[in-house]
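All chains are named by letter (A, B, ...) in the order of the sequence lines, taking the proteins before the strands, and each is independently numbered beginning at 1. These numbers were taken from a predicted model, which means no experiment stands behind them.
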Protein chains: 2
Amino acid sequence: MTSTLDTVQAVLATTVTRVAPGLLRRLASLVEAGAGGLTVALFDREIIGIEAGDTRGEMFGLALDVGTTTVVGYLVDLLTGTLTAAVSAPNPQGAFGADLMSRVAFAQEGPAQVRALQTRILRLINALIQEASISAGVPGDRIYKVVVVGNTVMHHTILGVDPSALGRAPFAPVMNDSLQLRASEAGFRLSPSTPVCFLPVVAGFVGADAVAMILSTRLDRGREVRIAADVGTNGEVVLGSRDGLYACSAPAGPALEGGQIQCGMRAAAGAIDQVMFGFTVHSRVIGGGPPAGICGSGVLDAVAGLLEIGVLEPSGRLQTLMPASAPDDLRRRMVATADGAPAFVLAWADQTATGRDIVLTQADIRQVQLAKAAIRSGITVLQQVAGVGDEEIGELLLAGALGNYVSVHSAVRVGLIPTLPRGRTTYVGNAAGLGAQMALVSEIERRRADDLARRVQHVSVAAHPDFQDLFVEALRLG
Amino acid sequence: MTSTLDTVQAVLATTVTRVAPGLLRRLASLVEAGAGGLTVALFDREIIGIEAGDTRGEMFGLALDVGTTTVVGYLVDLLTGTLTAAVSAPNPQGAFGADLMSRVAFAQEGPAQVRALQTRILRLINALIQEASISAGVPGDRIYKVVVVGNTVMHHTILGVDPSALGRAPFAPVMNDSLQLRASEAGFRLSPSTPVCFLPVVAGFVGADAVAMILSTRLDRGREVRIAADVGTNGEVVLGSRDGLYACSAPAGPALEGGQIQCGMRAAAGAIDQVMFGFTVHSRVIGGGPPAGICGSGVLDAVAGLLEIGVLEPSGRLQTLMPASAPDDLRRRMVATADGAPAFVLAWADQTATGRDIVLTQADIRQVQLAKAAIRSGITVLQQVAGVGDEEIGELLLAGALGNYVSVHSAVRVGLIPTLPRGRTTYVGNAAGLGAQMALVSEIERRRADDLARRVQHVSVAAHPDFQDLFVEALRLG
């Protein structure tokens with residue numbers, strides 16, 4: 001006998017295997033309300049939404065890039081792929097440690113700590129969902145799909161999975177494969193049946209964000225070898241072409257996201273995101289107003305500039321005096337901090353939003369140096385393992401949420417990345433977030449992520465015989 | 001990189017596609033606890049349980065047969081198929097109407113009423129789960145699978161689906177197909193990820209119980225035509241062989257389950273379940289003690305006995321006086337009720353648990369007559385549609401939870417079923433409950449149910465051109 005559901009299925013082009021449990025109850029009344037035509041939302045052969053009328057233009061998805069330091073959410077129109085809203089906030093797990101290892105150590109204390117990590121991140125995710133929903137004027141029940149990317153520790157802790165094993169050799173994840181949960185199972189405050197898709201992870205410290213980066217950069221498709229470096233707190237470097245993919249983690253720490261920098265902040269309104277040295281210091285501030293701090297791209301520019309004028313040595317030591325050849329204004333900016341260590345003033349107190357000088361200190365520079373060494377040694381190790389010299393690199397892609405504008409010139413100047421011929425180095429923004437958006441609007445891309453994760457060869461940088469030497473060498477600026 | 005999950009999957013013979021969300025969180029610690037060997041419970045390529053040691057002998061399933069009047073639960077050992085506990089209780093939806101149509105009418109009043117029907121039945125199901133669990137000493141988290149059968153109204157209301165459409169032509173279900181939910185989605189108080197499987201329904205009044213009956217009677221496999229009649233409140237008749245299957249509903253009302261009978265009760269301790277007429281009335285009481293009432297099989301025997309001694313006319317009229325030839329004891333048992341209508345005393349007040357006479361009234365007999373007519377006209381219509389004469393019926397199976405013992409002789413005597421040569425009529429007990437148990441212990445059987453439901457041809461008895469005549473004829477006893 002023909003049921004209401006049969007009637008709906010008969011007009012769908014795809015074979016439907018089931019109806020989301022949350023919809024079962026309302027199926028009859030929804031179909032009745034849509035007597036004049038209705039829109040059916042399908043996911044993985046399951047009916048997850050029925051709406052009266054043609055509502056295809058009102059269906060949205062959410063891509064979440066959960067970083068160690070920053071969490072970004074992208075609300076995307078599923079029909080057109082248009083980005084409708086982008087929201088971000090600091091990862092509140094930061095209270096339990098700025099870097100991944102300290103969070104893993106915290107989790108090792110017991111199940112209550114694992115729950116605390118999960119609760120914090122879920123609370124933020126739900127706040128971001130609400131913020132995106134309000135700012136775009138999109139009701140939560142119009143969000144029909146979620147894709148989550150993040151490093152392996154984020155992946156585990158969002159799921160409430162104990163990441164303890166990631167803190168000891170062989171640093172193995174509890175699970176690698178992609179996952180599909182319902183929002184109710186994942187603890188996401190959306191319609192209970194909304195699919196929440198976690199992209200797969202590769203290894204303990206090469207996560208779904210690396211997979212998403214490969215997805216968006218098409219690193220697996222090129223004839224030439226290309227390198228993509230995600231410059232985040234838990235950075236990752238991938239080298240690849242259609243002949244193979246290699247990935248390693250590059251734990252840069254939060255410096256390049258403005259963390260553990262005295263006047264650092266993330267790339268939000270009030271952050272100095274670009275610095276140029278001339279007779280004086282020219283700074284650009286996100287949003288235009290007086291600066292409140294400096295974000296990753298600004299820090300990178302400042303370090304490059306100080307190297308350029310010679311007050312910063314390649315060893316990373318900041319001299320207390322500017323060379324005599326330097327312009328007066330710059331010379332005046334060399335000051336000493338309370339502990340006597342040298343610092344450079346980027347903005348004077350009377351011009352800042354905080355009423356205090358915005359400075360770059362010797363300690364800040366050491367943080368940048370460590371970050372830079374992590375990324376650069378990762379690149380070097382992958383080149384060695386894959387047997388690829390600098391001259392064979394077709395393109396180098398610099399990725400990460402460092403700021404609105406990242407100067408490739410500064411990145412090369414400090415030695416974060418190797419010097420390639422002009423035009424072969426590009427800043428591609430948040431490549432992981434972009435990959436998440438691709439998996440959001442295309443199920444083909446989402447499935448491709450599974451294939452990519454299996455194909456990537458994981459390289460352990462620390463296990464490389466030359467690692468010590470490489471790292472020390474990579475500490476050198478320039 | 002090999003994850004904990006990869007390690008588990010590597011030793012499993014089947015391909016696993018995912019881990020139940022409820023297990024994700026505990027995966028690592030469960031695997032660690034099972035370092036000396038562990039048992040993995042799989043369902044539909046999903047890991048739904050991990051236990052330390054070899055616990056295959058401690059895994060159970062629950063089959064639920066949700067009838068209009070009675071709900072029965074069977075706790076079954078999944079390894080051996082052994083029935084470990086059987087529990088039953090009256091369906092608490094009865095407060096909203098004894099028969100299905102009055103419950104559908106109640107549901108038509110609005111969503112609050114649909115919820116009330118759902119809440120009541122879920123509460124009972126959860127109480128039965130607990131009762132079965134306690135009586136068998138099986139913890140709830142050892143129940144790894146549930147199979148639910150029931151008529152279409154039960155199917156819909158357990159799911160919280162509005163059954164309103166079942167109350168008006170074309171009496172179409174909202175959905176037919178089998179369903180798999182997690183216990184948490186279905187509202188069953190078990191481990192959240194436990195699969196709860198609803199077998200498919202055929203039509204508005206041919207439910208999953210009919211499908212389960214076909215499954216257990218193998219009606220679709222025989223060379224000869226066989227008929228199975230489920231004599232419940234919402235009875236169903238199926239006629240079939242390997243050449244085809246026909247089914248119709250036979251709304252008998254609750255009389256044959258002891259409902260709407262003055263001294264009726266369900267087949268539980270204290271019920272007269274067998275009655276024999278000689279010089280006096282010989283009754284058997286379930287559990288042995290003094291009788292408290294009479295159940296379906298007892299009612300059937302009593303009606304057959306009264307017909308036999310000639311005090312009950314084939315028209316259903318109970319005479320006020322016993323024929324002169326009847327033994328004195330039986331003559332004394334013909335009494336008049338308060339309203340002057342005749343009644344027959346099955347047990348005198350001083351021998352009953354209630355201190356009141358247990359009687360069968362003229363009104364009771366009319367109820368039995370209506371029930372009998374529903375079943376018999378269903379059988380007749382199916383025979384007509386399939387073109388099968390009485391002589392071509394290879395076997396007739398009488399099913400239903402009428403009592404521990406049902407006299408096929410009585411059933412034939414009152415004309416509930418046609419007279420077949422000796423040995424061709426069998427009482428098979430709760431065939432629907434048995435089918436549910438088969439789908440519980442065998443996934444092959446559970447999938448076969450989907451195939452059967454699609455193959456059954458639904459016959460609408462009321463739409464048959466000769467229905468009126470057939471029904472009137474079927475009202476005749478004997």
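Note that CG of B:Asp177 and CG of A:Leu5 are 6.5 Å apart. Values are rounded to the nearest 0.5 Å. Atom CG of B:Asp162 is separated from atom CZ of A:Arg25 by 12.5 Å, given to the nearest 0.5 angstrom. For the atom pair NE2 (B:His156) and OG (A:Ser3), the distance works out to 7.5 Å, reported to the nearest 0.5 Å.
No part of A:Arg26 comes within reach of chain B, as not one of its non-hydrogen atoms sits under 4.5 angstrom from that chain. Contacts between A:Val174 and chain B at a heavy-atom distance below 4.5 Å involve backbone atoms as well as side-chain atoms. Contact annotation for A:Gln457: neither backbone nor side-chain heavy atoms come within less than 4.5 Å of a heavy atom of chain B. Of the atoms belonging to B:Ala203, heavy atoms from both backbone and side chain fall under 4.5 Å from chain A.
Closest of all the heavy-atom pairs between B:Val161 and A:Leu24 is CG2-O, 3.4 Å.
Two residues are said to be in side-chain contact when any heavy atoms from C-beta on lie closer than 4.5 Å; B:Thr4 and A:Met175 fail this criterion. Contact of the A:Asp6 side chain with the B:Asn176 side chain is registered, since non-hydrogen atoms from C-beta on lie closer than 4.5 Å.
Heavy atoms from other residues, nucleotides or ligands lying under 6.0 Å from CZ of B:Arg189 number 12 at most. For B:Arg123, the CZ atom sits in a loose shell: 12 or fewer heavy atoms of surrounding residues, nucleotides or ligands are nearer than 6.0 Å.
Side chain of B:Arg18 to main chain of A:Leu179: no donor-acceptor pair is present (N/O by atom type, distance under 3.5 Å, no hydrogens or angles).
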